[in-house]
Structures are given as structure tokens and as C-alpha cells.
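Convention: sequence-line order gives letters A, B, ...; per-chain numbering from 1.
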There are 2 protein chains.
Amino acid sequence: MRERPTLRSVALKANVSIATVSKVVNGIAAGVSEATRKEVEAAIEELGYRPNRVGRSLRSQRHQAVGLAIVDPSPRFLADPFTTNLVAGLCNQLNTNGFGLLLYGVMPGKLSESSLIRQSEVDAICLNPSGTRDEREAAMELVSGLGQPLVVFQDRPVQNLQDVCFVRQDDAGGAELLANEVMKRPRRRAVMVIADIPWPAVENRVAGFRKVFEARGVQLDLVTCDETDSQAISSGIAGYLDDHGVPDVIVGQNDQIAIACIDILTARGLEVPRDVAVTGYNAFPFTGLSRPALATVRSRAYDVGVTAASAILERLENGRFRQREYVLPLELVPGNSAP
Amino acid sequence: MRERPTLRSVALKANVSIATVSKVVNGIAAGVSEATRKEVEAAIEELGYRPNRVGRSLRSQRHQAVGLAIVDPSPRFLADPFTTNLVAGLCNQLNTNGFGLLLYGVMPGKLSESSLIRQSEVDAICLNPSGTRDEREAAMELVSGLGQPLVVFQDRPVQNLQDVCFVRQDDAGGAELLANEVMKRPRRRAVMVIADIPWPAVENRVAGFRKVFEARGVQLDLVTCDETDSQAISSGIAGYLDDHGVPDVIVGQNDQIAIACIDILTARGLEVPRDVAVTGYNAFPFTGLSRPALATVRSRAYDVGVTAASAILERLENGRFRQREYVLPLELVPGNSAP
DNA sequence: CTGAAAGCGCTAACAG
DNA sequence: CTGTTAGCGCTTTCAG
């Protein structure tokens, strides 16, 4: 294996100084004659020179990379399709603009030990927080204290932080859309089935449902369950049905949970939506699987990622975030599961 | 915002040389008295010093980071649950050992333009290739030519490459398990529904099915379709049914496709598995949704990621990969959709 | 138009 | 036990 060529080896080969090579590499037109440029380019080609990003970073203090910390109690932190699509959007938009994405999955409370935090080698950090609002704010403050631009996903803005941008889809608005859909028929009692981990987006959905249901005099109960497998969801909802009887509406925190709910209702001889209306949340391109088709909202996770990347790129360019907050509107996906 | 402290500022504060601080930071016991160590640690604490990874990298030529290139024609390259779980396993195992994961989604043929390739800042590269075998081999050679340790996912080994490790689940073996399950009843004709993008893992599955079916005198047809949405899958399989009639068995390239197949069969008044047996592939923790429950194999995607990370860590430690190939065995998930 | 040189933050060899 | 120093590869200023 030959040594990797450096500016110096190229300079040697082309009989010029490394400063000249640097100019050519960086496409700096001023101060290089066409003739030398050609020669240098030939040497670069011949040696197969590729610039060393580390040397460049050390000098320029820019790393062409963005860090993403996903705070999640599950080691399979990427299992959730929302996260998955967000990462894809972020990564694509970054890659397209010559930036890399440094991915970290971190357990709640372990953020300060993560090497993303302990050693900086990125131009900006993205944070996908989970936990209670207090825990999330603590995480935001920790990362913000690093003095790097920060993008926070899915959470509501915090006042006292500098150089931070909040990007999320309009989860409360999406919930209102679904609630209004459901309310096309008269209802008395609704149940929302949520995971036992507090997620900011879910808080917003609860708020959206509550707003509409309360205004229409509909009682809203919350049922919490472990969402890691459909078994746990089933027993969670089954417990509620046994204790409180059958409600008019079941809204799932997401599509997976809603499908599990439809399953157990069907198993008990109930018909959706005749006996119970069911709605999901966060439809993704590949989710036309349930019967009856789920009434849900189309997730903007991918766009959230793209928006964040664009905001970061722009921030790096101009020294500040243009907007402090981006809220992407959601769209109803009508289905046969409601109303 | 205060300047970020460096070795120098800590040294100044503690009235020692930067060499001494460096030793303390790196936990080098030899040559530092307990007293100075304490003083230095106090200075580090007070200044909030964190080592700069870039300076360290430049000097030590190690980056504590691994690159992952996912070659996929879809911009939503992370949509596939296999990829998702693989990334999670890889990322967790790497993070746990102080390594970062630099993620790149790249379009087929664009690999050489990717900045992961063009600028090295990682200690090893992982490649998740797609396309024809030729295209995949070209990609492997390209990356291998960088002179960095390389891990290739899901593909069969290539002979002439140095410092490469191949990690995959036993897709052919998994297909044989399913085929044998299906063959518990007599069959004449089977159809495999596959995506129009060639994936190495799918080639292996086809080979596994073919082996068993051929040995038992069962004809195996292939139907190709766009797998990006269930609509396209439905029309693909519908076309086959119209042209060739109903086969005894339909095997899907993955669970999503199999579920779409069950849908369309049911819609046509056919009963699974009475009229047609259906099998899937790559069950993930959250895939108990179809009725009848799908006969499939449990994917080892997460373990593939973990295995790769461990292999890389070991390679970086010892200078060479211990094994050239890791093939993780698959396990049947029996279901009611077959036999 | 071209080159010499300083220095980004760090490690490690070597000198004291 | 501690400090001095020479770079790692690069960008950029300043002189020629």
C-alpha cells in the first residue's frame, strides 16, 4: 500500500509550492496561471490525491459534518419509522451538500457521557430528545452549552437558549384533524393509547385531541402501555376494555398501536368503525396494510429531517438561524376505520 | 462564548507543560506525580476542557469513527427495516466503544463522488451494496482501493480483495427453511415475488428456494415489481395471476411483499393457506400484524450490525480481521400462512 | 503569479 | 518526573 499522497507530494511532483496546490484543490481562481493549474491537476490525477479532511478541519475549524443524538431507552433506537425517515431526510440533504452525518444513539441520562458531546468534531448538533419535559430541557441545555448550533426535533421551543432551532411536524394540528374527522358522528367517550415513554410529539398529539374532544364534551381517557411489542399493546387495551367497557373512539399514538387496537377489537367481535372508530398517526409510504384502512395523518418525518439540514446549512453560511422554529403542517389520510 | 480551552490553556492554568497535561488527559500513569496530576485535573475541570478530536486525529491518524455507505436508488434509503436494524446494531456497538458512525446514503454509481470516499476521516468503511453482482463488485473494489479496512454487508465474498470482511445473515439457508415448511404439503408451482432492484440477499434467497423446489420437482417462477408501494406490488402479482393462474405457493422477498400478496389473494376470494401458501422473509420485532400470521424467518439484521462493529473493533486492535466471513444462521417463524 | 512560513491542537520521542 | 520540540496536512497571509 503506497502512502497516501499529501499536498506536499503533489507539490513535489508538479514542481510548485504546496500553497499553489492548495489553491488549485480549492478552486481558488485568483493567483494561479492556467499553465500551472493544468500541471498541478495532472499531478493530482496521477497521484490520486484526495484532500485530507482532518488537516483541513484543524486549520479551518470546519468539519463538514453534523452530529445527531437520538435519545431513546431502546437499543433499537432506530426501530421507529419516524426516526428512520427523519434520519434519511437529514442524511440525504446533508450528504448532497458535502456534509456527513455522525449518528449517535444514546440512553436517557447518558447524553453527557456520549462521545458526541465529549469530543467535538462537528459543525452543528441535532438532538432528538425523549423523556419528561424537564429531562428534555436538561438535554437541550447540555448540548447548547457546547457552543455549537443546535437543532432540536419535535419539541416545543425553550426560551433562554441561544443559537438553537426547533423543527417539528404539527402534531397538535394533526390530532385536531383526526378528532374532527371522528366527530362527524356523535361520541361520548374516547381513549388514547400511548407508549409508556414520554415523547414530546405525543404530548402535542394528546393536547390536540383533548382540545377538540373537550370542546365537544367528549371524555378522553389515556391508556399507557409498553409499545415495544404488539402483545403488550393488546393486553394494555384489553385491560381498559375489561375495566371500563367499550368506548366510542380509540385513537392510537401511532399507526402500529392503532392496528394492534383494531386487532383486539375484531377479536372481541366488535366492528370498526361501526362499534368503535379507530385512528392512527404517522402514516409512512409503506403502511397500507391494515383492514379496514386506517384513518391517520401522513407523517412529515422525512421533511423534518430535510428542513433541519437546510436550516443548519443556512446557519453555517450566515452565522445565524433564519427562523427559530419550523412547524410542518400535517395532512389527513382518510380511511375506513373512522368515522 | 468563551474560547474553547486547549491543552495549552490547561497547561498555563496548571503551571505545567502541555506534555504533562496530555499525559493526564490520556490517563498515562508513567511520569506524572500524584500531586501534579491532581492540579492538572483541577484545571481541566475548572476550564471545562474537552480534548479536540481533530488535533488528535491529525497526529495519531486514528479517527474513532467508521463510515457506512448505503447504496440504494431510493432517497429514503433507510426505509427498509433490514437496513434500519442493521444501522442500529452497528451504531450501538460502535458508540459503546467510543466510536462514531458516519452515515452516507448514496445512489448507485455515485459512490465515487460521495464525500465518504473522496475524503477520508474514518478508520474503517462499511458498505451495503446493491445492484447487479458486477456493480457490487465494482463498488467493493472502489472502496477497498482506499486502503482502509472494509466490511461488506449481505454479499458473498470476493476473492481478490485485501483487508475485507463479509458479514451477512444466511439468506439461502433461511429460504430453505421456508421452502421445506411449504413442502410439508404437495406442490406443483411456486412464485417468488421480488423487487425490481437486484439485492445480493435476495439473490441468495432465490437460490435457497430454487434448491429445495427443484429437488422436489416444483416449478419456481419469478415476478418482479416495484416494491416502493403496496399498490405496485399488488398490480405486479395481479398481472401474474391473470396470465398464469393461481400457483400453490407464493413466497415474498420480504414480509411487506408477502402481506401485499395475502391482501390481493384474499380480495380475489382465495384463502390462505388453503388455496395458496404464502411465506414472508425478515420478520422484525414489530411485525405481528398480518392475518393469517405469516410464516417467515426472523431477521438477524441487528446482529449483522453488531457483528460488523465487533469485527472492525477487533481489526483495528489487531491489524487484521480474525475471520473473512461471518454468516449468521436464521430461524423459522412458523405461521398460519403456510403450509 | 508564486512561495515561504505560521500555526490550528495534539502526541510522543527525547532531553533535562 | 517534567518540559521542549517536531511534526501530522492543511489554509492563509504576506513577501517576493
Side-chain angles (χ1 to χ4, degrees), chain A residues 2-41 43-44 47-65 98 115 118-123 147, chain B residues 2-41 43-44 47-65 98 115 118-123 147:
Chain A
R2 272 230 308 310
E3 286 294 292
R4 178 140 178 244
T6 71
L7 274 193
R8 227 169 81 81
S9 38
V10 177
L12 243 45
K13 176 138 215 137
N15 278 317
V16 294
S17 73
I18 62 168
T20 305
V21 181
S22 175
K23 279 176 198 151
V24 173
V25 168
N26 293 295
I28 296 173
V32 183
S33 72
E34 195 54 32
T36 25
R37 150 160 279 113
K38 281 270 186 305
E39 278 191 69
V40 172
E41 275 166 357
I44 288 175
L47 259 32
Y49 169 78
R50 291 172 296 129
N52 180 318
R53 187 125 96 183
V54 177
R56 186 177 279 178
S57 288
L58 186 56
R59 176 65 223 225
S60 62
Q61 308 287 30
R62 293 193 102 220
H63 309 106
Q64 298 288 107
S115 45
R118 302 195 50 75
Q119 305 176 316
S120 104
E121 71 227 284
V122 292
D123 299 314
Chain B
R2 271 229 311 308
E3 285 294 293
R4 177 140 180 246
T6 70
L7 273 192
R8 228 168 81 81
S9 39
V10 176
L12 242 46
K13 175 138 216 138
N15 279 314
V16 295
S17 74
I18 62 167
T20 304
V21 180
S22 175
K23 279 178 197 149
V24 174
V25 168
N26 292 296
I28 295 173
V32 184
S33 72
E34 195 53 34
T36 24
R37 152 162 276 113
K38 280 270 187 304
E39 278 191 71
V40 172
E41 275 166 356
I44 289 176
L47 259 32
Y49 169 78
R50 290 171 297 129
N52 180 318
R53 187 125 97 185
V54 176
R56 187 178 277 176
S57 287
L58 185 58
R59 175 66 223 223
S60 63
Q61 308 287 28
R62 293 192 104 223
H63 310 105
Q64 298 288 107
S115 44
R118 302 195 51 75
Q119 305 176 317
S120 104
E121 71 227 283
V122 292
D123 299 312

Legend entry - Spacing of A:Arg8 atom CZ relative to C:dG3 atom P, expressed in whole Å: 14 Å
Legend entry - Min side-chain heavy-atom separation B:Glu41-B:Val24 under 4.5 Å: yes
Inset, instruction - Flag the pair B:Pro5 / B:Arg50 as yes when at least one side-chain heavy-atom distance between them is below 4.5 Å, and no otherwise. - result: no
Inset, instruction - Answer with base, sugar-phosphate or nothing: what part of the nucleic acid does B:Thr36 contact at a heavy-atom distance below 4.0 Å? - result: sugar-phosphate
Legend entry - Contact check, side chains of A:Val25 and A:Arg56, non-hydrogen atoms, under 4.5 Å: yes
Legend entry - Side chain proximity check, A:Ile18 to A:Ser22, heavy atoms < 4.5 angstrom: no
Legend entry - B:Val54 to A:Ser57 - nearest heavy-atom pair and separation: CG1-CB, 3.7 Å
Legend entry - Position toward the 5' end of DNA chain D (nearest nucleotide), A:Tyr49 or B:Arg37: B:Arg37
Inset, instruction - Measure from the side chain of B:Thr6, starting at C-beta and using heavy atoms only, and say which of C:dT11, C:dG9, D:dC10 lies closest. - result: C:dG9
Legend entry - Atom pair distance, as rounded to whole Å: CG in A:Leu12 and C1' in C:dG3: 14 Å
Inset, instruction - Report yes if a side-chain nitrogen or oxygen of A:Arg56 is closer than 4.0 Å to either non-bridging phosphate oxygen (OP1 or OP2) of D:dT11; otherwise report no. - result: yes
Legend entry - D:dT12 phosphate, OP1 or OP2, under 4.0 Å from A:Ser60 side-chain N/O: no
Legend entry - Nearest-nucleotide 5' precedence on DNA chain D, A:Val25 against B:Gly55: B:Gly55
Legend entry - Whole angstrom value for the distance that separates P of C:dT2 from CD1 of A:Ile28: 14 Å
Inset, instruction - Would you jot down, in residue-number order, the residues of residues 14-23 of chain A having a non-hydrogen atom under 4.0 Å from DNA chain D? - result: A:Ile18, A:Ala19, A:Ser22
Legend entry - B:Gln64 CD to C:dT11 P, straight-line distance once rounded to whole Å: 11 Å
Legend entry - Rounded distance (Å) that lies between atom P of C:dC10 and atom CG of A:Asn52: 17 Å
Legend entry - Integer-rounded Å distance: D:dG7 P and A:Arg59 CZ: 19 Å
Legend entry - Presence of B:Asn26 side-chain N/O under 4.0 Å of C:dT11 phosphate oxygens OP1/OP2: yes
Legend entry - Between D:dA6 (P) and A:Leu58 (CG): distance, integer Å: 18 Å
Inset, instruction - In whole angstrom, give the distance that lies between atom NE2 of A:His63 and atom P of D:dG9. - result: 17 Å
Inset, instruction - Check every atom of C:dC10, D:dC10, C:dT2 against the side chain of A:Leu7 and return the nucleotide holding the closest atom. - result: D:dC10
Legend entry - Under 3.5 Å donor-acceptor, B:Asp123 side chain and B:Arg62 backbone: no
Legend entry - For A:Ser17 against A:Ala11, the heavy-atom pair lying closest together: C-CB, 3.7 Å
